[in-house]
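A quick write-up on the structure given underneath.
Numbers here simply count residues along the sequence, with the first being 1. Predicted, not measured: the structure shown is a model, and the values here were computed from it.
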Amino acid sequence: MRRTRILTAVLALAAGLLAGTPPALAADSTAKVSLAADTYTWKNARIDGGGFVPGIVFNRKEKNLAYARTDIGGAYRWQEPTKTWTPLLDSVGWDDWGHTGVVSLASDSVDPDKVYAAVGTYTNSWDPKNGAVMRSSNRGASWQRTDLPFKLGGNMPGRGMGERLAVDPNRNSVLYLGAPSGKGLWRSTDSGVSWSQVANFPNVGNYQQDPSDTSGYSSDNQGVVWVTFDESTGTSGNTTKTVYVGVADLQNSVYRSTDAGATWTRLAGQPTGYLAHKGVLDAAGGYLYLSYSDKGGPYDGGKGQVWRYATATGTWTNISPVAEADTYYGFGGLTVDRQKPGTVMATAYSSWWPDTQIFRSSDSGATWTRAWDYTSYPNRANRYTMDVSSSPWLTWGANPSPPEQAPKLGWMTESLEIDPFNSNRMMYGTGATLYGTENLTNWDSGGQITIKPMVQGLEETAVNDLASPPSGAPLLSALGDIGGFRHTDLTKVPSMMFTSPNFTTTTSLDFAETNPNTVVRTGNLDSGPHIAFSTDNGANWFAGTDPSGVSAGGTVAAASDGSRFVWSPDGTGVQYTTGFGSSWSASTGIPAGAIVESDRVDAKTFYGFKSGKFYVSTDGGATFTAASASGLPSGDSVRFKALPGAKGDVWLAGGATDGAYGLWHSTDGGTSWTKLSNVDQADAIGFGKAATGASYQTLYTSAKIGGVRGVFRSTDKGASWTRINDDAHQWGWTGAAITGDPRVYGRVYVSTNGRGVIYGDTSDTSGGGGTDPTDPPDPTPTGACAVTYKITNQWSGGFQADVRLSNTGSSPWSGWALGWTFPNGQTISQTWNAESTQSGSTVTAKNVGWNANVAAGSSVSFGFTGSWSGTNGKPTAFRVGDQACTVT
């Protein structure tokens with residue numbers, strides 16, 4: 001990510017979460033709620049990275065245990081055997097969407113199974129909820145949460161400083177948390193269960209990026225920004241005496257307690273005029289290292305310094321790698337080599353041009369070398385080589401002139417960590433990815449280090465729109481910050497994002513339904529066109545011409561045959577064109593800012609929506625007429641689509657809790673609408689391949705149905721619905737876009753605001769359907785069954801397992817209970833997608849309400865975490881009622 005992400009969709013969501021009850025509206029009286037069960041496998045359409053990684057945390061006790069935090073996309077744990085990252089906060093639900101922003105993360109060096117995350121995305125009104133501290137005793141496999149009486153800002157200015165959250169390395173029940181917004185320093189003495197403000201801490205901070213910002217975003221007090229313990233001043237089981245705390249105050253940035261937090265003093269002699277972004281203590285060497293910038297970051301900063309504080313004598317030494325007068329950036333990333341005291345590294349996080357810079361010293365900062373130097377300007381000599389073959393889009397398709405290079409070493413490099421167990425491994429985060437090297441010590445011997453993306457599994461893009469054409473690539477995406485991609489293989493990273501032009505953010509895309517090679521996209525660009533076209537299914541692009549006044553991408557629609565386009569950009573009114581946008585004409589009868597879509601059959605019919613009114617054009621977008629229908633949502637948090645293959649068949653989702661909210665269907669081109677009574681709320685609608693024997697395409701929606709928020713599928717035109725995600729797979733806010741795949745039954749593509757493009761495949765090969773959950777369940781299903789039991793994660797004393805139960809008989813189940821006996825006395829601690837009971841070693845797992853029904857030939861999955869000692873053997877026998885199951 002190159003700039004702060006403040007998505008309009010997020011703002012609309014924040015506004016839509018106000019209390020209220022929608023009025024009664026005309027509804028389909030024949031519809032019913034039917035929440036049948038299905039089992040889905042969820043994966044990311046691979047992009048690998050895509051956003052800002054402001055924090056990397058290595059555990060100091062256990063080798064290869066590392067975590068990364070993102071500003072809007074959750075937290076991740078490193079998997080050493082596969083060199084990949086596992087997402088840890090996918091269970092965050094719709095109502096708590098702000099908790100996908102992680103402002104700080106702490107790994108317990110006494111008990112490595114414990115990890116903590118301080119979560120919350122915005123401190124102003126955009127995020128309606130307060131922040132929280134999440135705590136896990138199984139490395140993030142499951143979490144418990146303590147809500148805080150203030151907000152946290154994982155996507156706020158200053159988010160690269162830290163870490164704000166820290167665990168006492170000697171008495172791990174004690175934690176500190178630095179708060180923004182003038183809320184001060186907080187402490188927990190019960191392993192994060194409860195928190196109280198440290199009343200005697202003397203400075204809550206006063207630095208604001210822009211005090212004049214009335215939105216509260218840039219004007220927020222960045223507060224208390226990091227906590228560092230001096231582990232040498234404590235003993236095991238006893239509270240660490242000396243604690244250092246960084247504060248966003250240009251004159252008073254570092255404080256210390258030498259009596260375990262009873263009293264605090266400003267460190268005498270400290271630098272002024274700067275903010276300490278990081279404070280890293282090398283207890284073995286006796287130094288506290290500090291990286292300073294004149295701004296809070298993560299993208300601003302014009303001057304900086306690096307200092308060293310001798311903890312024993314109180315002596316301050318300026319060890320800046322560059323004289324302050326020669327800096328045009330601030331220092332951010334900072335790390336020491338725990339295997340080699342005296343080795344320290346720092347980054348010039350805000351050096352945007354020509355590149356970021358990384359500095360390294362092996363003598364406690366007395367002398368430094370750089371990742372690159374000028375030979376004769378503008379030529380550079382690099383101490384590194386870059387291999388981005390695993391994520392080739394990181395070049396941005398650029399061929400810059402020296403001294404710039406492609407790919408860049410990075411930007412917004414606020415996180416930088418040397419593995420405490422391996423001097424050769426270093427990782428650092430950028431605005432677009434996470435890089436690393438595994439031959440770092442080559443730097444000291446005069447050789448080159450090899451830098452590669454170390455980001456597989458970490459997906460951090462905000463998704464604005466999705467399209468799955470009937471031919472060509474299965475997926476086209478419109479993304480924030482990195483534009484979007486054409487996926488020809490969902491399991492592989494595309495070679496390049498959309499280029500010619502490169503939009504920083506793509507706001508909308510569409511294809512011609514009967515001519516899918518014709519594709520259009522709109523987006524944002526600081527200087528350049530805001531619309532682009534493709535005639536080869538999105539493989540190659542050329543820019544269109546903007547009409548006067550365009551300031552941002554808005555929404556765009558392609559005629560069903562690709563002969564014309566309608567565009568509703570920001571900054572001017574709705575426009576239409578024939579051909580590929582060499583000239584535009586203003587549409588009449590439709591207000592500026594309307595959302596536009598096309599009929600998927602009639603090439604001259606287009607639709608629009610604005611402020612409760614639906615608009616129709618039958619002359620290719622030249623003129624629009626407002627439909628007389630009433631009762632639609634009054635606001636603009638709406639998404640609608642026309643069904644392929646059926647003229648005038650339109651579905652509309654959206655609304656807000658203080659007014660009309662739900663899912664509407666029109667079969668006459670928007671003249672009249674029917675509201676589905678079995679959908680409480682809906683925010684996006686999409687279509688996919690029809691189920692076997694069905695005459696109507698499959699519907700997909702991000703919605704609230706039967707009182708449950710989730711991703712739903714209907715194979716019967718909305719008469720009944722199947723929730724296809726589960727509580728472990730929620731991904732925060734999923735309201736921007738959803739679409740099925742027209743070629744693969746059951747496949748659905750889901751947008752997220754920070755976890756990339758999620759796609760799901762069904763285990764229901766029969767084509768779906770379901771029964772009414774109000775029917776009484778049969779507690780003893782009959783027929784054959786099969787079980788797959790898989791240990792997906794294991795650590796000292798704990799493990800996580802997934803279980804798939806398949807109905808291999810000929811009759812459906814309307815309720816199930818699976819029993820087994822653990823061979824080594826394991827005990828279950830937490831279960832999801834099932835209810836479990838345990839007596840001794842014997843376990844029974846029963847269905848929950850929404851997954852009771854399992855059709856013949858279908859499966860259902862659930863998971864759990866548990867504890868073990870000695871041996872963690874797998875059960876060898878499973879039963880459903882009196883029926884023994886085949887173990888696969």
### Task
Classify the angle between the aromatic ring planes of Tyr789 and Trp820 as parallel (below 30°), tilted (30 to 60°) or perpendicular (above 60°).
perpendicular

### Test salt bridge (Lys or Arg N to Asp or Glu O under 4.0 Å) applied to Asp147 and Arg145, step by step
CA-CA 6 Å; Asp147 292 325; Arg145 188 180 87 193; 2.8 Å; yes

### Task
Taking atom types as modelled, find out whether Thr827 and Ser867 have a side-chain donor-acceptor pair closer than 3.5 angstrom.
yes

### Query
According to the interplanar angle, ranging from 0 to 90°, do the rings of Trp731 and His729 count as parallel (below 30°), tilted (30 to 60°) or perpendicular (above 60°)?
tilted

### Message
If you compare all heavy atoms of Gly192 against all heavy atoms of Leu175, which two are closest, and at what distance to 0.1 Å?
### Response
N-CD1, 3.7 Å

### Task
Compare all side-chain heavy atoms of Asn64 with those of Arg425 and state whether any distance is below 4.5 angstrom.
yes

### Task
For the pair Tyr428 and Tyr435, name the ring-plane relationship: parallel under 30°, tilted 30 to 60°, perpendicular over 60°.
tilted

### Task
Determine the interplanar angle of the Trp816 and Phe862 rings, folded into 0 to 90°, and report it as parallel if under 30°, tilted if 30 to 60°, perpendicular if over 60°.
parallel

### Query
When you look at NZ of Lys63, are more than 12 heavy atoms from neighbouring residues, nucleotides or ligands closer to it than 6.0 Å?
no

### Query
Is it true that Phe421 and Phe58 have ring centroids separated by less than 6.0 Å?
no

### Message
Between Lys278 (side chain only) and Gly332 (backbone N and O only), is there a donor and an acceptor less than 3.5 Å apart?
### Response
no

### Query
Are the side chains of Val57 and Glu417 in touch, meaning some heavy atoms are under 4.5 Å apart?
no

### Task
Please check if any side-chain donor atom of Arg187 sits under 3.5 Å from a side-chain acceptor atom of Tyr176, or the reverse.
yes

### Residue pairs fulfilling salt bridge (Lys or Arg N to Asp or Glu O under 4.0 Å) with at least one residue in residues 111-120, sequence neighbours excluded
Asp113-Arg139

### Message
Tell me the closest heavy-atom pair linking Phe878 and Leu818, and the distance in Å.
### Response
CB-CD1, 3.8 Å

### Message
Do Trp78 and Met427 make a side-chain contact, defined as non-hydrogen atoms from C-beta onward lying under 4.5 Å apart?
### Response
yes

### Val750 side chain reached by Tyr700 side chain, heavy atoms, under 4.5 Å
no

### Query
Can you check whether Arg713 reaches Val748 side chain to side chain, under 4.5 Å on heavy atoms?
no

#### Entry: Pairing residues for Asn170 by the side chain to side chain donor-acceptor pair (under 3.5 Å) criterion, not counting sequence neighbours
Thr240

### Query
Should the pair Lys129-Asp127 be classified as a salt bridge under the 4.0 Å nitrogen-to-oxygen rule?
no

### Query
Do the side-chain N and O atoms of Glu163 and Ser104 include a donor-acceptor pair separated by under 3.5 angstrom?
yes

### Query
So, Gln800 and Asn138: side-chain donor and acceptor under 3.5 Å apart, yes or no?
no

### Query
In Å, rounded to the nearest 0.5 Å, how long is the span from OG1 of Thr461 to CG of Asn44?
7.5 Å

#### Entry: Asp683 bridged to Arg709 by N-O distance under 4.0 Å
yes

### Query
Is the shortest heavy-atom distance from the side chain of Gln456 to the side chain of Arg46 under 4.5 Å?
yes

